[in-house]
Protein chains: 2
Amino acid sequence: MPKRVDHAQRRAHIADALARVAAREGLHTVTLRGVAAEAGVSLNLVQHYFGTKAELMHAALLRLERLSHERWSARLAQLPRPVTPRALFEAFLAEALPTDGPSRDFHLVWTAYATLAMTDPELAAQPFVEGPDRLERQLAEVLRRAQRDGALDPRRDPAAEAARLLTLSHGLGTSVLVGQRSPDAAHALLHAHLDEVFGADETGGAHGASSE
Amino acid sequence: MPKRVDHAQRRAHIADALARVAAREGLHTVTLRGVAAEAGVSLNLVQHYFGTKAELMHAALLRLERLSHERWSARLAQLPRPVTPRALFEAFLAEALPTDGPSRDFHLVWTAYATLAMTDPELAAQPFVEGPDRLERQLAEVLRRAQRDGALDPRRDPAAEAARLLTLSHGLGTSVLVGQRSPDAAHALLHAHLDEVFGADETGGAHGASSE
DNA sequence: CTTTTCATGGTACAGCTGTACTATGAAAAA
DNA sequence: TTTTTCATAGTACAGCTGTACCATGAAAAG
């Protein structure tokens, strides 16, 4: 055998290059040559590790999903214990909104993929269904626990609240990406929503709906 | 002068053809030849009425926006008077979700355009900022009136509630388009949200969150 | 009737894209 | 050392895309 190369690493390197190009110029402008140039490799190398463009696109999507999942897990892991429901949802809110540059890039490309998947049946719609579904169940479970601990009004439906929060954050995310809302405004809105769900009406908390 | 032709009509015909192609196969697959074939005209005719592809794309977007605005106005106009806030929001909810085929097609293409606008600066992001902004102000005004009439808890912030409702409906719309949620489920969720905002908790209304 | 105007059609062309093919050189295996 | 294996590079090619150009015919204007 010859030079011995870590295939997974090479594929990740190229997939990341695709994500950068897509974030900068749009997913629809992605070409094999463009990705190769961004990755600093030859066109043939991209072909060698992915064969076809469709497979590259698919692999880059899977990588995006994996990285996103890992970021979320890492953020959860470094929450101060014990993890209060409110803290967990604050973490979610910080992760789900495109605030800083890298986060914005990720959400941009992810949204572009989702749009693609709406019409391209071969591009698996799985990530856009199973991913959110899993997150929704996870959040619903947290809410159920919060109810048992008395931190959430027992009259609320945990599943519905989880769905509403996820949907709201997603909608706010795209409104930020498109330039309708500032990240701060989105953050404030989602924060106010959490206040309402967790019943901060009477406590007079000085959270403020302004920036920061 | 020769044959006399209604330019606006020809342009609308071709723009509609673009929308159909985009709804069926994705906005990224749109080509001048494809649109021409869909419209049943020659390639040159598309060039003749739009000159460049960028202008065709732009014109089709403007037409989408105009048609959407007209649909919304028409739905508002045929509401039974006097228009109660709740009825108006029900109408909004019915218009904003991709339920039937045509509505799904519209939201699909609209979302694709929005995704494009996130990275293409020349494609005006205006429609995706000014449109929602105007709608948001409109809904906020309705909520303010509702507060004066005692139909809405005065402690609620009309602007924030309008933003939340719009964002929620948009998020639900994409979740339907991507296949995560059924139109009925989205409808039920938004309905429950309205119930909460308008305070239907204690009235015991039998609205039901099922498929109707 | 002539002439002009313009809607419509056909075709050509340069550029880019995905993909296939061939070559080379280095390192591991024999 | 010889052979094999594979990472990497270069190149070719057919297809499609946007755009420019030319042709034609009919209807309005003179």
Side-chain angles (χ1 to χ4, degrees), chain A residues 1-22 24-62 109 112-113 116-117 119-123, chain B residues 1-22 24-61 109 112-113 116 119-123:
Chain A
M1 283 185 179
K3 212 195 329 186
R4 255 332 184 203
V5 159
D6 186 351
H7 270 231
Q9 176 185 326
R10 283 268 190 278
R11 286 171 60 96
H13 177 65
I14 296 175
D16 287 344
L18 183 146
R20 282 195 302 273
V21 174
R24 193 185 332 124
E25 306 165 32
L27 189 58
H28 62 286
T29 74
V30 163
T31 66
L32 293 186
R33 285 170 178 82
V35 172
E38 176 75 25
V41 301
S42 73
L43 164 62
N44 188 19
L45 211 65
V46 180
Q47 286 185 264
H48 187 252
Y49 283 105
F50 293 96
T52 173
K53 183 187 182 183
E55 200 195 322
L56 167 62
M57 296 281 283
H58 189 70
L61 172 59
L62 289 183
V109 181
Y113 264 109
L116 260 195
T119 47
D120 285 18
E122 56 173 305
L123 189 70
Chain B
M1 283 186 180
K3 216 197 321 187
R4 260 312 187 223
V5 158
D6 185 353
H7 270 230
Q9 175 184 327
R10 284 267 188 277
R11 285 170 63 95
H13 178 65
I14 295 176
D16 287 344
L18 183 145
R20 282 196 301 274
V21 174
R24 194 184 332 122
E25 305 165 32
L27 189 58
H28 62 287
T29 73
V30 164
T31 66
L32 292 187
R33 285 170 178 81
V35 172
E38 176 74 25
V41 301
S42 73
L43 164 62
N44 188 22
L45 212 65
V46 180
Q47 285 186 263
H48 187 253
Y49 283 105
F50 293 96
T52 173
K53 184 187 181 181
E55 200 195 321
L56 167 61
M57 296 281 283
H58 190 70
L61 172 59
V109 181
Y113 265 110
L116 260 195
T119 47
D120 285 18
E122 56 173 304
L123 189 69

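Naming: A, B, ... by sequence-line order, numbering from 1 per chain. Treat the numbers as computed from the prediction; the structure is a model and nothing was measured.
Applying the ring-ring contact (aromatic ring centres under 6.0 Å, His included) criterion to B/Phe50, with sequence neighbours excluded, gives no partner residue.
Here the side chain of A/Arg33 pairs no donor or acceptor atom with the backbone of A/Leu43 at under 3.5 angstrom. Side chain of A/Tyr113 to backbone of A/Met57: a donor-acceptor contact under 3.5 angstrom is found. Using modelled atom types, one side-chain atom of B/Asp6 and one backbone atom of B/Ala8 make a donor-acceptor pair closer than 3.5 Å. A distance-only check finds a donor-acceptor pair linking the side chain of A/His13 to the backbone of A/Ala39 [under 3.5 Å].
Residue A/Ala19 comes nearest to A/Val109 through the heavy atom pair O-CG2, 3.6 Å, listed as atom of the first residue, atom of the second, then distance. Summarising the geometry of B/Val30 relative to B/Leu18, their closest heavy-atom pair is CG1-CD1, 3.8 Å, with the distance given to 0.1 Å.
An OP1 or OP2 oxygen of C/dA7 is reached within less than 4.0 angstrom by a side-chain nitrogen or oxygen of B/His48. The phosphate of C/dA7 has OP1 or OP2 within less than 4.0 Å of a side-chain N or O from B/His7. Residue B/Tyr49 places at least one side-chain N or O closer than 4.0 Å to OP1 or OP2 of C/dT8.
Between A/Asp6 atom CG and D/dC6 atom P the separation is 16 Å, expressed in whole Å. Rounded to a whole Å, the CG atom of A/Leu56 is 10 Å from the P atom of C/dT19. Across the protein-nucleic acid pair, B/Arg10 atom CZ and C/dG9 atom C1' stand 13 Å apart, rounded to whole Å. Between the CG atom of A/Asn44 and the P atom of D/dA7 there is a distance of 11 Å, rounded to whole Å.
Distances from the side chain of A/Leu45 to the nucleotides D/dA9, D/dT19, C/dT8 place D/dA9 closest.
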Intermediate values then yes/no, side-chain contact (heavy atoms from CB on, under 4.5 Å), B/His48 and B/Arg10
CA-CA 10 Å; B/His48 187 253; B/Arg10 284 267 188 277; over 6 Å; no
Give the dot-bracket line for DNA chain C from 5' end to 3' end: parentheses for intra-strand Watson-Crick or G-U pairs under 3.5 Å, square brackets for crossings, | for inter-strand pairing, dots for unpaired.
||||||||||||||||||||||||||||||
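More than 12 heavy atoms of other shown residues, nucleotides or ligands fall within 6.0 angstrom of atom NE2 in A/His28.
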Between the protein and nucleotides 16-18 of chain D, are there any N/O to N/O pairs under 3.5 Å, and if so, what are the atom names and distances?
unit_1 : atom_1 : unit_2  : atom_2 : d
D/dG18 : OP1    : B/Lys53 : NZ     : 2.9
D/dG18 : OP2    : B/Leu32 : N      : 3.0
D/dG18 : N7     : B/Arg33 : NH1    : 2.8
D/dG18 : O6     : B/Arg33 : NH2    : 2.9

